[in-house]
Amino acid sequence: MSTDRWKAKWSERAVSYLPRSSFESTFVNAVSLPPSVKDTQVFIQIRFAGMGNLLKVLTREIENYPHFFLDFENAQPTDCEREVWNQVNAVLQESESILSGLQAYKGAGQEIRDAIQNPNDLLLQERAWNSVCPLVIRLKKFYGFSLKLEKALQSLLESLTCPPYTPTQHLEKEQALAKQFAEILHFTLRFDELKMRIPAIQNDFSYYRRTISRNRINNMNLDIENEVNNEMANRMSLFYAEATPMLKTLSTATTNFVTENKTLPLENTTDCLSTMASVCKVMLETPEYTSRFNSEDTLLFCMRVMVGVIILYDHVHPNGAFTKSSKIDMKGCIKVLKDQPADNVEGLLNALKFTTKHLNDESTPKNIRTMLQ
């Protein structure tokens with residue numbers, strides 16, 4: 001068979017070219033290559049999964065890392081995924097209303113300033129209090145959602161890391177759950193980006209706590225304390241004191257998952273995270289794959305997910321994500337981000353700089369630190 005006819009035969013079910021040396025040992029469908037093709041490039045066969053195509057990709061740079069093209073846009077749950085998917089989906093359905101509520105948050109700054117400057121004006125005190133109370137109820141809703149998100153993440157981690165399958169096999173078999181995992185990370189980064197732009201949140205909540213304490217000293221009971229008692233206020237205060245509260249919640253949840261599941265190898269969790277990072281990196285840097293997206297928003301989705309799993313990996317793995325032995329190609333991931341428009345990635349690069357745990361360790365290569373300066 002001629003080279004051209006051989007290529008034409010395989011092009012109908014092929015998605016990428018690779019040097020023969022990169023995959024000869026892993027290409028399970030034996031193919032007799034013509035001599036003229038042997039040392040050039042060959043096609044990889046698509047493998048279709050029940051929920052959508054999952055394309056196995058081997059890169060020239062990091063052959064030992066698993067890479068997949070996950071269909072983040074169209075993956076649907078199988079019967080085996082359905083129970084967990086339904087539980088997580090019930091939580092995710094609230095996510096857009098949470099973001100809308102946060103975007104619409106204007107704060108009560110002027111009312112609070114007026115009340116503080118005129119401490120004897122009861123009308124201004126009442127106006128400030130009546131402005132702050134609905135905002136505190138909204139903040140409680142956001143905090144409550146973080147607790148739901150924590151449980152949802154742990155359910156997904158349990159499904160995507162449990163034996164007998166490897167995390168890579170789970171991601172191949174359970175694409176709909178992998179998509180939900182990505183959606184949680186996507187929401188988390190969006191929430192935290194918005195929160196960092198709204199200093200009024202902490203100002204409003206501080207005023208609320210000061211007023212509650214003052215009224216308690218004066219033996220005044222306020223109805224709102226039935227909604228936000230002292231214990232709840234303490235927990236909310238810790239939550240909003242974080243620069244990236246949702247990401248902190250997920251990092252803690254992932255660490256707790258590893259700690260509480262002592263019989264589950266740590267690698268099951270870290271491999272799940274590193275595989276997701278590799279997925280997103282390859283999708284972002286490969287025009288063949290980005291051209292498959294139905295929406296440009298999927299590019300930003302992939303960037304947020306990649307950064308989210310890197311941060312989780314860095315918090316969970318004892319050596320972090322930045323060491324030379326890391327299963328995440330940090331140099332490649334940062335380069336992918338820096339190749340995007342600056343306005344799209346400034347917050348994500350800041351998240352890598354300020355919310356990771358091991359960036360400033362001595363084991364972090366100098367060139368990685370330099371890339372994030």
Side-chain angles (χ1 to χ4, degrees), residues 7 10-19 22-23 41-49 51-63 65-76 92 168 171-172 174-190 193 272-313 321 327-352 371-372:
K7 287 184 177 180
W10 283 96
S11 63
E12 293 180 355
R13 47 180 173 160
V15 294
S16 181
Y17 287 105
L18 289 177
S22 295
F23 77 102
Q41 293 178 314
V42 295
F43 292 102
I44 295 180
Q45 180 182 4
I46 293 179
R47 179 177 182 181
F48 285 94
M51 298 73 71
N53 61 327
L54 182 64
L55 313 178
K56 183 170 289 187
V57 180
L58 301 177
T59 68
R60 292 177 177 86
E61 296 177 358
I62 314 173
E63 296 177 11
Y65 297 174
H67 295 275
F68 296 91
F69 183 99
L70 288 173
D71 192 350
F72 284 139
E73 293 179 329
N74 302 306
Q76 296 297 317
L92 287 172
T168 299
L171 292 174
E172 181 175 5
E174 298 160 18
Q175 289 186 63
L177 297 186
K179 179 175 180 283
Q180 287 184 319
F181 189 95
E183 287 171 341
I184 287 177
L185 292 167
H186 182 240
F187 164 84
T188 295
L189 272 290
R190 289 172 69 196
E193 285 171 9
C272 177
L273 300 175
S274 62
T275 300
M276 289 285 284
S278 296
V279 167
C280 295
K281 172 181 169 290
V282 171
M283 289 169 71
L284 288 165
E285 67 186 2
T286 309
E288 292 173 58
Y289 305 144
T290 55
S291 66
R292 295 174 181 268
F293 299 153
N294 295 321
S295 169
E296 291 183 5
D297 292 341
T298 308
L299 284 171
L300 187 53
F301 179 93
C302 287
M303 286 188 278
R304 286 198 178 107
V305 174
M306 182 178 73
V307 169
V309 290
I310 288 171
I311 293 169
L312 293 185
Y313 182 100
K327 289 190 176 182
I328 296 177
D329 173 21
M330 285 305 307
K331 182 179 178 181
C333 289
I334 296 169
K335 183 180 183 302
V336 162
L337 292 176
K338 292 203 163 189
D339 286 343
Q340 309 299 321
D343 289 346
N344 289 348
V345 298
E346 181 182 1
L348 299 178
L349 291 170
N350 285 337
L352 288 177
M371 290 179 76
L372 285 174

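Every heavy atom of this structure was used, including side-chain atoms; hydrogens, water molecules and symmetry mates were not. Please read these numbers as outputs of a predicted model, since none were measured by experiment.
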Could you please spell out the steps behind the side-chain contact (heavy atoms from CB on, under 4.5 Å) verdict for Leu337 and Leu352?
CA-CA 11 Å; Leu337 292 176; Leu352 288 177; 3.8 Å; yes

NZ of Lys338: more than 12 outside heavy atoms within 6.0 angstrom?
yes

Does Asp343 have more than 12 heavy atoms from other residues, nucleotides or ligands lying within 6.0 Å of its CG?
no

To the nearest 0.5 angstrom, please state how far the [atom1] atom of [X] sits from the [atom2] atom of [Y].
X	Y	atom1	atom2	result
Glu285	Lys335	CD	NZ	8.0 Å
Leu273	Ser278	CG	OG	11.0 Å
Thr188	Leu312	OG1	CG	8.5 Å
Thr290	Glu288	OG1	CD	9.0 Å
Ile334	Asp329	CD1	CG	9.0 Å

Got [X] and [Y] here, is their nearest side-chain heavy-atom distance under 4.5 Å?
X	Y	value
Met276	Tyr313	no
Val282	Tyr289	yes
Gln180	Ile184	no
Phe301	Glu183	yes
Asn294	Asn74	yes
Ile328	Lys281	no

Could you pull out the closest heavy-atom pair between [X] and [Y], with the gap in Å?
X	Y	result
Ala277	Met306	O-CG, 4.0 Å
Gln76	Ala176	C-CB, 3.5 Å
Cys302	Met283	SG-CE, 3.8 Å
Leu189	Gly308	CD2-CA, 4.1 Å
Leu300	Asn344	CD1-O, 3.7 Å
Leu171	Ala178	CD2-CB, 3.6 Å

Show your working on side-chain contact (heavy atoms from CB on, under 4.5 Å) between Glu193 and Leu348 and close with a plain yes or no.
CA-CA 9 Å; Glu193 285 171 9; Leu348 299 178; 3.6 Å; yes

Do the side chain of Glu73 and the main chain of Thr298 share a donor and acceptor less than 3.5 angstrom apart?
no

List the steps and the verdict of side-chain contact (heavy atoms from CB on, under 4.5 Å) for Met303 and Val307.
CA-CA 6 Å; Met303 286 188 278; Val307 169; 5.7 Å; no

Just do the side-chain contact (heavy atoms from CB on, under 4.5 Å) check on Leu299 and Phe293 with the steps written out, would you?
CA-CA 8 Å; Leu299 284 171; Phe293 299 153; 3.9 Å; yes

